[in-house]
Amino acid sequence: MTERVVLKLGGSVITDKSGGCTIDHARLREIAEVLAAHREIALVLVHGAGSCGHPEARRYRVDEGLGRDNLPGVYHTHAAVSRLNAAVVEALREAGIEAIGIHPLCLALAEDGRLVSFETRQIAGMADHGIVPVLHGDVVMDTLRGSCIVSGDQVVARLAFALGSRRVGLATDVAGVLRGGSVIPRIDREILESLDVGGSAKTDVTGGMRGKIAELLILADAGIDSEIFHVSQIGRFLDGTDHGGTVITRKE
Ligand SMILES: Nc1ncnc2c1ncn2[C@@H]1O[C@H](COP(=O)(O)OP(=O)(O)OP(=O)(O)O)[C@@H](O)[C@H]1O
Ligand SMILES: C=C(C)CCOP(=O)(O)O
C-alpha cells in the first residue's frame, strides 16, 4: 500500500491572523508549488482556520452550547473556514494537483468536543487514487453541547490514526516548539511538564501550540509520531530530510 502522508497547514501561515478573514494567496501559491513537486506522495491535507473561523467561533461561542441567540454561528463559522478551504483547493488545482475539499461538519459527529464518529474510508480511497482530500478544522455538531469546534489538529490525529499514516507533519509560523528561542527537538509527556508552552498570540479558540501538542501526544500514545516545523520546511518534511523542527513522540 502507498504510504499516506498527513500534512496540516496552520491557519497562522495561510491567513493573516490579526484581522478578519484575510487569506494569504501568495503563500498558498508557494505551498502549492512545493506540493506539486511531490506528486508521488499519497497526501491528505488539513488546514487550520486562522482568521477565517476563529473570530466567528469566538463571537458566537459555538463551542459552549447552542441556543436561539448563537444558532447562526454554526453557519457563519463554517462559511468562513469553507471560504478558506475553497481558496486552498483552488491554489492546489492551479498548480496541477487533483485536490478536493472535504468538510468535517458534513461527515463527523462529536461528544463534548471530541470526535466520536468520522468516516475516513472515502478519504483513504481518494488518497490512494491520487486525489488530495483537503480537510480543515470546523464547527461540528456535538451530542452534549449542541455544537463544538474540532481543531485541524484533532482532525490530523484522527486521520493519521484511521489511515495508518506514519508520517504526520504540521507546518506553522514558528520553527518548532520553542524554549528560550530555541527549538526543542523532541517532546514527550514528561518533557512537556517542564515546558511553558502557550496558546496563540492571536484569536484562537483551540488552544494554540498548547492545544496542538495535547492532540499530538494522544496520537503519540497510539505509537504515531508527528512533526511540527516552519512552513518553509514543507519540502524537506516531504523529502524526509531534516527540517529543524520538533518531533512529538511517546516516552520510551
Ligand atoms: N513554546 C512555544 N513554541 C512555539 N510556539 C508557541 C509556543 N507557545 C506559544 N506559541 C504560539 O503558538 C503559535 C502556533 O500555534 P497556532 O495554533 O497559532 O498555529 P496554527 O496551527 O498555525 O494555527 P491554527 O490553529 O489557526 O491552525 C505560534 O505562532 C506561537 O505564537
Ligand atoms: C475555528 C475553526 C472553525 C477551526 C479551528 O481549527 P484550527 O485552526 O486548526 O484550530
Side-chain angles (χ1 to χ4, degrees), residues 6-19 21-24 27 31 45-64 73-85 88 103-105 108 110 113 115 134-142 147-159 168-185 187 191-192 194-216 226-234 244-246 248:
V6 179
L7 173 66
K8 181 190 173 196
L9 307 176
S12 60
V13 299
I14 57 173
T15 71
D16 177 353
K17 248 177 144 172
S18 56
C21 183
T22 311
I23 300 171
D24 189 339
R27 174 62 67 68
I31 294 171
L45 212 59
V46 179
H47 63 82
S51 61
C52 306
H54 281 282
E56 290 79 4
R58 169 155 302 167
R59 188 175 317 133
Y60 288 97
R61 293 169 285 102
V62 287
D63 231 1
E64 298 167 15
V74 174
Y75 168 80
H76 288 297
T77 305
H78 180 69
V81 72
S82 296
R83 222 161 31 241
L84 177 59
N85 184 258
V88 176
H103 305 295
L105 172 66
L115 288 168
V134 185
L135 294 96
H136 53 87
D138 205 354
V139 57
V140 166
M141 296 311 286
D142 187 300
S147 67
C148 71
I149 295 293
V150 169
S151 70
D153 304 320
Q154 189 181 157
V155 172
V156 163
R158 181 73 179 216
L159 280 172
V168 182
L170 295 96
T172 183
D173 64 343
V174 283
V177 184
L178 305 170
R179 175 170 41 193
S182 305
V183 173
I184 307 163
I187 292 184
I191 295 172
L192 184 63
S194 68
L195 295 178
D196 181 24
V197 179
S200 169
K202 310 285 165 37
T203 306
D204 188 308
V205 298
T206 51
M209 187 57 84
R210 203 179 330 107
K212 194 183 304 303
I213 295 173
E215 294 297 344
L216 298 177
S226 54
E227 303 166 50
I228 301 175
F229 46 82
H230 190 258
V231 61
S232 60
Q233 303 297 305
I234 288 176
T246 301
I248 310 294

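Ligands are counted one by one from 1 in listed order, and the atoms in each one are counted from 1 as well.
- For the ligand labelled ligand 1, residue Gly152 lies outside the 4.0 Å heavy-atom shell.
- Contact annotation: for His54 versus ligand 1, heavy atoms closer than 4.0 Å belong to the side chain alone.
- Taking distance alone, with nitrogen or oxygen atoms compared against 3.5 Å, Asp153 stays at or beyond that limit from ligand 1.
- Using modelled atom types, one finds a donor on one side chain and an acceptor on the other under 3.5 Å when comparing Asn85 with His47.
- Considering backbone and side-chain atoms alike, Gly11 places an N or O below 3.5 Å from some N or O of ligand 1.
- Taking all atoms of both residues into account, the shortest heavy-atom contact from Val155 to Pro104 is CG2-CG, 4.3 Å.
- When non-hydrogen atoms are compared, ligand 1 lies under 4.0 Å from the side chain of Lys8 (C-beta onward) but not from its backbone.
- Contacts between Asp173 and ligand 1 below 4.0 angstrom, taking non-hydrogen atoms only, involve the side chain exclusively.
- The shortest N or O to N or O distance between Val177 and ligand 1 is not under 3.5 Å.
- Of all non-hydrogen atoms in Leu115 and Ala108, the two that sit nearest each other are CD2-CB, 3.6 Å.
- Distance check: Asp24 CG to Ser51 OG gives 10.0 Å after rounding to the nearest 0.5 Å.
- Contact between Gly211 and ligand 1 is absent, with no heavy atom of the residue lying under 4.0 Å from the ligand.
- Of the possible donor and acceptor atoms, one in the side chain of Gln154 sits under 3.5 Å from a partner among the backbone N and O of Gly113.
- Contacts between Arg210 and ligand 1, counted as non-hydrogen atom pairs separated by less than 4.0 Å, are absent for every part of the residue.
- Residue-ligand proximity, Gly48 to ligand 2, at heavy-atom distances under 4.0 Å covers atoms 7 (P), 8 (O), 9 (O).
- For ligand 2, the polar-atom distance check against Gly53 finds no nitrogen or oxygen pair separated by under 3.5 Å.
- Contact between Leu84 and Gly48 at its shortest, heavy atoms only, is CD2-O, 3.3 Å.
- Looking at ligand 1, you'll find an N or O of Gly50 within less than 3.5 Å of one of its N or O atoms.
- Closest non-hydrogen pair, Ala110 versus Cys148, comes out as CB-SG, 3.5 Å.
- The Gly152 neighbourhood of ligand 2 comprises atoms 6 (O), 7 (P), 9 (O), with distances under 4.0 Å to a heavy atom of that residue.
- Of the N or O atoms in Lys8, one or more lie within a sub-3.5 Å distance of an N or O in ligand 2.
- In this structure, atom 4 (C) of ligand 2 lies nearest to the protein heavy atom Gly137 C, 3.4 Å.
- With rounding to the nearest 0.5 Å, the separation of CZ in Arg61 from OG1 in Thr77 is 11.5 Å.
- In this structure, the separation between NE2 on His78 and CG on Leu105 is 5.0 Å, given to the nearest 0.5 Å.
- Of all atoms in ligand 1, listed by their number and element, those nearer than 4.0 Å to a heavy atom of Gly10 are 20 (P), 21 (O), 22 (O), 27 (O).
- Protein heavy atom closest to atom 3 (C) of ligand 2, with residue, atom name and distance, is Thr77 CG2, 3.6 Å.
- Between the CG atom in Leu159 and the CG atom in Leu135 there is a gap of 5.5 Å [rounded to 0.5 Å].
- Thr206 OG1, 2.4 Å is the protein heavy atom nearest to atom 10 (O) of ligand 2.
- In summary, the atoms of ligand 2 found under 4.0 Å from a heavy atom of Asp138, numbered by their order in the structure, are 3 (C), 4 (C).
- In this structure, Asp16 and Ser18 approach most closely via the heavy-atom pair OD1-OG, 2.7 Å.
- Nearest heavy atoms, Gly176 versus Met209: O-CE, 4.2 Å.
- Atom 2 (C) of ligand 2 has its closest protein heavy atom at Ala49 CB, 3.6 Å.
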